[in-house]
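Here's the structure we're looking at; comments come further down.
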Amino acid sequence: MLALTSEQSREADRRAEDGGLPAAVLRENAGRGAFEILKKYFPDLSQKKILVVCGKGNNGGDGRVVARLLEGVAGEVRVIDVGAWRAMPLHEYDILIDAIFGTGLSRPVEGVAKEAIEAMNRSGKWKMALDVPSGLSADTGEPLGALPKGTTGVAVKADVTVTMGRPKIGLLQPQAAPYVGRLEVVDIGIPASVYDSLGSRIQWVTGADIRPLFTRRGADTHKGTYGHVLLIGGSETKPGAILLAGKSALRTGAGLATVALPDRAFRKLPKNFLELMYEPLPSVRSGTFARKAWAKIARALEGKSAVAMGPGMGVNADTRELVRRMILKAGQPLVLDADALNCLGPVGARRAVPLRRNVILTPHPGEMARLTGLTTAKIQKDRLAAARDFAMKHGVIVVLKGFRTVTAAPSGDLFVNATGNPGMATAGMGDVLTGVIVSLLAQGLDAGKAAVAGVFLHGRAGDRVADRLGDRGLLASEVADEVPKAIQEMLPCKE
């Protein structure tokens with residue numbers, strides 16, 4: 001679904017009202033949606049004492065609707081206007097609902113509102129924010145402004161944020177995570193055509209966006225129907241990365257997967273990757289690819305549907321030359337990850353390898369910094385701009401990994417992913433993502449759709465594993481094994 005700036009969000013409300021949808025109806029829909037989400041988190045509200053802190057504007061109106069709906073359902077409901085805040089005894093309440101400020105706030109929070117927000121944050125109570133955590137910029141995802149002498153602004157740190165109509169761009173930024181908590185989106189009745197008319201180029205990717213890309217397989221198909229991927233990488237000391245990518249390609253549904261790796265690495269392979277095919281290539285004494293491996297790679301490309309290159313490959317003059325030839329001479333859709341990205345160096349620098357369309361780059365922030373010549377901190381400061389600028393300048397798909405992974409297209413369109421969890425911050429997860437994306441390419445998705453869908457499925461598989469095991473100790477191979485079930489969730493029900 002589209003993500004909006006604060007101004008676009010307000011414009012959507014104005015256009016809806018001009019089209020005959022009264023503000024009172026929008027407010028009622030917003031409050032009812034938040035009420036239903038609260039019930040999802042607390043099925044038995046009869047034992048809960050709830051405090052709703054309201055401002056004067058539309059956000060406060062949403063809060064009063066929630067409070068009205070809670071009457072007779074919750075154990076106790078109290079509504080207080082933030083202007084009347086006087087050291088409320090928050091310890092008496094189980095749930096705090098923030099309805100102080102919405103997207104209209106444009107300056108740092110001060111005075112009694114600041115006191116209320118700070119008290120709510122200190123309380124340790126479960127908090128729900130309506131539309132935007134009060135004090136947070138809906139556009140940047142940071143507390144609004146800086147107060148005198150270098151002190152920072154304040155914003156509610158919610159457990160759940162229920163945003164109205166469409167997500168706000170700021171809520172999708174990594175820096176917003178401590179304030180937003182879990183993000184929920186409520187349909188308030190504004191037609192999709194209104195949102196589509198606002199000119200947003202940013203999508204918040206959910207299951208509803210991915211499902212149309214997947215259909216059930218026909219009974220009369222075979223392994224050749226689903227493509228043959230070639231995965232190039234690995235080294236004598238790092239053979240596992242490319243094997244994980246190969247396994248993930250098969251788990252995502254590719255019919256065949258061939259792993260091309262240095263012959264010194266091939267001799268040390270574990271024996272439990274039986275479904276993969278192998279192409280041992282000439283290597284140098286360090287156990288990485290030799291430059292003369294290109295002749296065999298060129299032959300291995302014949303009949304392949306898509307190619308991935310980079311995991312565990314190493315960075316030296318020989319591997320740099322192989323990456324250069326792959327970009328210039330191979331025609332298949334190509335995923336470049338890990339050391340293949342590091343072999344590129346700063347793209348655009350003198351003597352750098354020119355990129356081509358139907359190439360997908362999957363950098364983490366450090367790799368993105370090396371590609372662009374920027375610092376990692378600058379990349380992270382505005383991930384959306386960093387990914388978009390590079391994709392548009394070089395005509396490639398960029399998957400900037402990390403919390404809220406961003407996929408950028410050459411058109412300038414951005415896709416922010418909704419899935420994934422902290423347990424996926426461990427070795428090999430990026431290799432699994434590479435295998436998932438190249439598999440979708442081999443099965444016929446174009447580069448943009450393969451990247452967006454691959455990121456979503458990878459994160460969803462990780463979420464499924466975390467649901468069972470928690471967010472510590474997840475293995476990349478476990479996520480790869482969960483991908484088929486993540487795909488199954490996307491398929492239409494059997495008739």
Side-chain angles (χ1 to χ4, degrees), residues 1-3 141 167 169 171-174 183 200-214 245 248 252 306 308 310 333-338 340-341 347 355-369 371-372 379-380 382-421 424 429-463 483 486-487 490:
M1 66 177 70
L2 289 171
I169 290 171
L171 303 182
L172 310 183
Q173 301 280 16
L183 181 62
S200 174
R201 304 293 297 275
I202 301 176
Q203 295 271 357
W204 170 240
V205 181
T206 65
D209 302 299
I210 301 303
R211 286 189 182 92
L213 302 179
F214 292 89
S248 303
T252 308
L334 174 63
V335 182
L336 296 178
D337 182 33
L341 299 174
V347 175
L355 294 172
R356 60 173 168 86
R357 291 190 179 272
N358 77 349
V359 170
I360 300 172
L361 308 183
T362 62
H364 59 56
E367 291 162 344
M368 190 69 179
L371 287 170
T372 59
I379 296 294
Q380 290 293 80
D382 194 343
R383 288 165 53 84
L384 298 178
R388 173 186 272 160
D389 290 349
F390 192 95
M392 293 182 71
K393 182 177 181 180
H394 299 287
V396 296
I397 303 293
V398 174
V399 175
L400 180 54
K401 295 184 289 195
F403 179 67
R404 303 285 193 238
T405 291
V406 177
T407 301
S411 63
D413 292 313
L414 291 169
F415 304 85
V416 183
N417 189 52
T419 59
N421 63 82
M424 298 176 73
M429 289 293 177
D431 308 318
V432 172
L433 176 60
T434 293
V436 172
I437 293 174
V438 74
S439 182
L440 295 175
L441 287 170
Q443 293 173 69
L445 290 185
D446 66 40
K449 291 176 181 177
V452 172
V455 169
F456 180 90
L457 291 173
H458 177 250
R460 179 60 191 138
D463 290 342
V483 171
I487 294 174
M490 298 298 106

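- Between Gln380 and Pro174 the shortest side-chain heavy-atom distance does not fall below 4.5 Å.
- Phe456 CZ to Thr206 OG1: the interatomic distance, rounded to the nearest 0.5 Å, is 6.5 Å.
- In this structure, Thr252 contributes its side chain and Ser248 its backbone to a donor-acceptor pair below 3.5 Å.
- The minimum heavy-atom distance between Ala450 and Leu440, with the atom names listed, is O-CD1, 3.7 Å.
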Walk me through whether Met490 and Leu457 qualify under side-chain contact (heavy atoms from CB on, under 4.5 Å). CA-CA 9 Å; Met490 298 298 106; Leu457 291 173; 4.0 Å; yes
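- Nearest heavy-atom pair across Thr407 and Ala451 is CG2-CB, 3.9 Å.
- Note: Ile360 CD1 to Leu355 CG = 12.5 Å, rounded to the nearest 0.5 Å.
- Taking each heavy atom of Pro212 and Ala208 in turn, the nearest pair found is CD-O, 3.3 Å.
- Note that CG of Leu400 and CD1 of Ile379 are 7.0 Å apart. Values are rounded to the nearest 0.5 Å.
- The two residues Arg460 and Ala486 come nearest to each other via the heavy atoms CG-CB, 3.9 Å.
- In this structure a side-chain-to-backbone donor-acceptor pair under 3.5 Å is missing from Asn417 to Val452.
- Residues Thr434 and Asp431 have side chains that never bring a donor and an acceptor to within less than 3.5 angstrom of each other.
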- Query: side-chain contact (heavy atoms from CB on, under 4.5 Å) between Val398 and Met368: does it pass, once the steps are laid out?
  - Reply: CA-CA 9 Å; Val398 174; Met368 190 69 179; 4.1 Å; yes
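- In this structure, a donor-acceptor pair under 3.5 Å is present between the side chains of Asp337 and Thr362.
- Between Ser200 and Ala3 the shortest heavy-atom distance is OG-O, 2.5 Å.
- Here the CG atom belonging to Leu172 is positioned 6.5 Å from the CG atom belonging to Leu183, to the nearest 0.5 angstrom.
- Note that CD of Glu367 and CG of Leu336 are 11.0 Å apart. Values are rounded to the nearest 0.5 Å.
- The heavy-atom pair separating Ile397 from Ala447 by the smallest distance is CG1-CB, 4.0 Å.
- When each of Leu2, Val406, Ile169 is checked for a side-chain contact (heavy atoms from CB on, under 4.5 Å) with Ile202, only Ile169 meets the rule.
- The closest donor-acceptor contact from the side chain of Arg383 to the backbone of Pro365 lies at 3.5 Å or more, if one exists at all.
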_Applying side-chain contact (heavy atoms from CB on, under 4.5 Å) to Ser411 and Arg201, what does each step give before you reach the verdict?_
CA-CA 9 Å; Ser411 63; Arg201 304 293 297 275; 3.9 Å; yes
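- Within the model, atoms CE of Met429 and NZ of Lys401 stand 12.0 Å from one another, a figure rounded to the nearest 0.5 Å.
- Considering only heavy atoms from C-beta on, Phe390 comes within 4.5 Å of Val396 through its side chain.
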Exercise. Kindly determine whether Met424 and Thr419 satisfy side-chain contact (heavy atoms from CB on, under 4.5 Å), including the steps that lead there.
Key: CA-CA 11 Å; Met424 298 176 73; Thr419 59; over 6 Å; no
